[in-house]
There are 2 protein chains.
Amino acid sequence: MGIEHKTRTQLVAEAIREKILSGEIKAGDPLRQAALAEELNVSRIPVREALLQLEAEGLVNFEAHKGATATMLSADQIDEIFDLRALLEAELLRHSIVNLTPRDLLEAEAILYDLEEATAAGDTQLATGKLNAEFHVKLYSKANRPQTAELVAMYGKNSERYVRMHILLAGGIKTAPEEHRTLLEFCKTKDVNAACDFLKKHITGAKDDIKQLLVKMEQSQ
Amino acid sequence: MGIEHKTRTQLVAEAIREKILSGEIKAGDPLRQAALAEELNVSRIPVREALLQLEAEGLVNFEAHKGATATMLSADQIDEIFDLRALLEAELLRHSIVNLTPRDLLEAEAILYDLEEATAAGDTQLATGKLNAEFHVKLYSKANRPQTAELVAMYGKNSERYVRMHILLAGGIKTAPEEHRTLLEFCKTKDVNAACDFLKKHITGAKDDIKQLLVKMEQSQ
DNA sequence: CAATATTAAATTGTATACAATATTAAATAT
DNA sequence: ATATTTAATATTGTATACAATTTAATATTG
């Protein structure tokens with residue numbers, strides 16, 4: 001089998017996505033097709049197509065004849081996104097939990113172990129965010145709900161920059177580690193309702209923390 | 001203010017979308033860029049961009065170098081989509097119901113009146129489907145949850161062709177009219193939990209009806 | 001004949017060029 | 001000077017042309 005050949009559009013989408021998530025491109029910034037094309041050594045066609053994809057992911061606003069901008073999420077919008085995540089992730093967990101094998105649970109615990117180590121080591125960078133996502137995904141892995149999972153992944157990406165910002169500025173959610181332990185316990189004992197309720201609180205709790213920071217930032221500007 | 005100028009991409013997207021929803025393009029059919037471009041008197045660029053948009057809407061699958069096809073939904077996928085709709089629409093209703101004014105409820109009742117008339121008149125066409133959607137949207141109109149509403153609209157579009165097919169082949173969901181009345185009553189009395197639970201049942205009931213038909217069709221082929 | 005390699009055709013991906021629209025700067029009028 | 005037109009510039013939208021890739025058809029080999 002040959003090497004997976006990525007199209008320029010895909011590469012450009014990845015590049016711009018990372019720029020937005022990392023904060024190099026800030027919310028509201030215009031995304032000029034010609035400038036991006038030159039910087040990435042492609043024509044404007046793949047840039048346009050990448051922008052359309054990113055719009056579908058909610059990272060970009062694309063208005064006809066006006067051009068694209070990085071989406072600027074208001075506190076209300078962040079609120080709604082996190083509520084949606086709570087709803088959808090709980091639904092995923094509800095379907096997954098009964099199918100989680102002891103093996104799955106051990107793998108989840110292993111990820112949790114790495115996550116706690118990274119946190120203890122003071123990693124405020126990407127690693128903790130990635131491991132956190134991995135842990136959640138592992139718990140949802142047996143849900144057999146591909147479309148719901150895709151939605152969750154999308155909203156996860158969309159909130160990623162705010163989570164990253166929170167990690168950077170506030171050191172991350174303090175209570176998260178022990179909450180993960182509790183959640184894993186509920187999964188082990190197959191206590192579906194307790195697990196789902198707790199997960200919802202876990203997510204909306206993170207939301208409140210992040211929103212508080214955002215409000216503070218909006219005021220200081 | 002000038003006339004709203006639609007881009008060719010938007011026009012092409014609308015044209016292809018309607019072809020898919022109406023069944024003119026069937027699930028699994030390949031969507032050849034050159035053929036569509038010629039038929040719609042545009043170049044392949046707006047066709048490609050339209051296909052990307054439709055992929056985001058879930059109506060089209062777009063694989064690099066392989067081209068686009070109209071999405072083929074398995075019974076499982078339809079199952080999941082309707083479950084998602086039930087979840088998300090109930091969430092919308094939950095937020096909207098407390099804000100619904102007597103005026104809103106009267107408007108909803110008026111739509112319901114039209115819907116019942118259209119059904120009685122034997123309209124098995126677009127009208128009933130449109131009015132049905134209108135009624136639901138009215139009930140969700142005060143939710144103040146734009147992103148959730150957008151999701152619901154997307155999944156509504158995605159299931160539209162199956163609902164249309166069901167109306168055509170089975171005359172629509174028989175119990176829907178009286179269910180709408182019941183739902184409206186719960187909204188009037190602001191019985192949030194009863195309304196949301198009933199709405200979920202309303203949607204999953206429709207799902208079961210449609211899935212039954214689909215299974216029958218798959219067998220007969 | 002089946003299986004594989006090779007070529008030809010069809011189809012998608014992308015660069016370039018130009019057209020349409022929006023934004024900014026300059027000019028005119030009040 | 002401020003407001004309103006008009007012209008110039010910047011930016012997006014789309015057609016055309018060509019390159020890359022996949023698919024189909026043909027040839028080759030065991």
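From a predicted model like this one, the values you see are computed outputs, not experimental measurements. Quick note on labels: first sequence line is chain A, next is B, and so on, each numbered from 1.
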Colleague: What is the distance, to the nearest angstrom, from the CD atom on B/Gln10 to the P atom on D/dG13?
Modeller: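 Those two atoms, CD and P, are 9 Å apart.
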
Colleague: When both hydrogen-bonding distances must be under 3.5 Å and the geometry is Watson-Crick or G-U wobble, what is C/dT14 paired with, if anything?
Modeller: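 Its partner is D/dA17.
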
Colleague: Starting at atom CD of A/Glu49, determine the distance to atom P of D/dT12, rounded to an integer number of angstrom.
Modeller: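 Those two atoms, CD and P, are 16 Å apart.
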
Colleague: So, A/Glu80 side chain and B/Thr148 main chain: donor-acceptor pair closer than 3.5 Å or not?
Modeller: yes

Colleague: Quickly work out the B/Asn41 CG to D/dT16 C1' distance and round it to whole Å.
Modeller: 15 Å

Colleague: Students often mix this up, so state it plainly: with edges at 30° and 60°, are the rings of B/His136 and B/His202 parallel, tilted or perpendicular?
Modeller: parallel

Colleague: Quick one: is D/dT14 close enough that its OP1 or OP2 comes under 4.0 Å of any side-chain N or O from B/Thr9?
Modeller: yes

Colleague: Between P on C/dT16 and CZ on A/Arg48, what's the gap in Å once rounded to a whole number?
Modeller: 17 Å

Colleague: Got a list of protein N/O to nucleotides 6-11 of chain D N/O distances below 3.5 Å?
Modeller:
unit_1 : atom_1 : unit_2  : atom_2 : d
D/dT11 : O3'    : A/Arg32 : NH1    : 3.2

Colleague: Specify the separation, in whole Å, of atom NZ of A/Lys6 and atom C1' of C/dG13.
Modeller: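 In whole Å, C/dG13 C1' and A/Lys6 NZ are 17 Å from each other.
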
Colleague: Between C1' on C/dG13 and CG on B/Leu31, what's the gap in Å once rounded to a whole number?
Modeller: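 Those two atoms, CG and C1', are 17 Å apart.
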
Colleague: Rounded off to whole Å, could you give me the CD1-to-P distance for the A/Ile45 and C/dT16 pair?
Modeller: 11 Å

Colleague: Hunt down the Watson-Crick or G-U wobble partner of D/dG30, both distances under 3.5 Å, from any strand shown, or write none.
Modeller: C/dC1

Colleague: Does the A/Thr71 side chain pair with the main chain of A/Leu73, one donor and one acceptor, at a distance under 3.5 Å?
Modeller: no

Colleague: Nearest to the side chain of A/Ser43, which nucleotide is it out of D/dA15, C/dA15, C/dG13?
Modeller: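 When the side chain of A/Ser43 is considered, C/dA15 is the closest of D/dA15, C/dA15, C/dG13.
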
Colleague: Relative to the 5' end of DNA chain C, which residue comes earlier, B/Arg8 or B/Ala34, by the nucleotide with the nearest heavy atom?
Modeller: B/Ala34

Colleague: Run the side chain to side chain donor-acceptor pair (under 3.5 Å) check on B/Asn99 and B/Ser96 step by step: do they pass?
Modeller: CA-CA 5 Å; B/Asn99 300 321; B/Ser96 179; over 6 Å; no

Colleague: To the side chain of B/Thr7, which of D/dT14, C/dA15, D/dA15 is closest?
Modeller: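 So the nucleotide nearest the side chain must be D/dT14.
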
Colleague: Among B/Arg164, B/Arg161, B/Lys157, which one satisfies salt bridge (charged side-chain N to carboxylate O under 4.0 Å, His left out) with B/Glu18?
Modeller: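 Looking at B/Arg164, B/Arg161, B/Lys157, the match for B/Glu18 under the salt bridge (charged side-chain N to carboxylate O under 4.0 Å, His left out) is B/Arg164.
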
Colleague: Which atom pair, heavy atoms only, marks the closest approach of B/Asp79 to B/Asp76?
Modeller: CB-O, 3.1 Å

Colleague: Go ahead and name the base partner of D/dA1; Watson-Crick or wobble counts if both distances stay under 3.5 Å, otherwise write none.
Modeller: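 Per the H-bond distance test, C/dT30.
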
Colleague: Without decimals, in angstroms, what is the distance between B/Arg44 CZ and D/dA15 P?
Modeller: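 For the pair B/Arg44 CZ and D/dA15 P, the rounded distance is 12 Å.
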
Colleague: Listed by chain and number, what are the side chain to side chain donor-acceptor pair (under 3.5 Å) partners of B/Glu117, not counting sequence neighbours?
Modeller: none

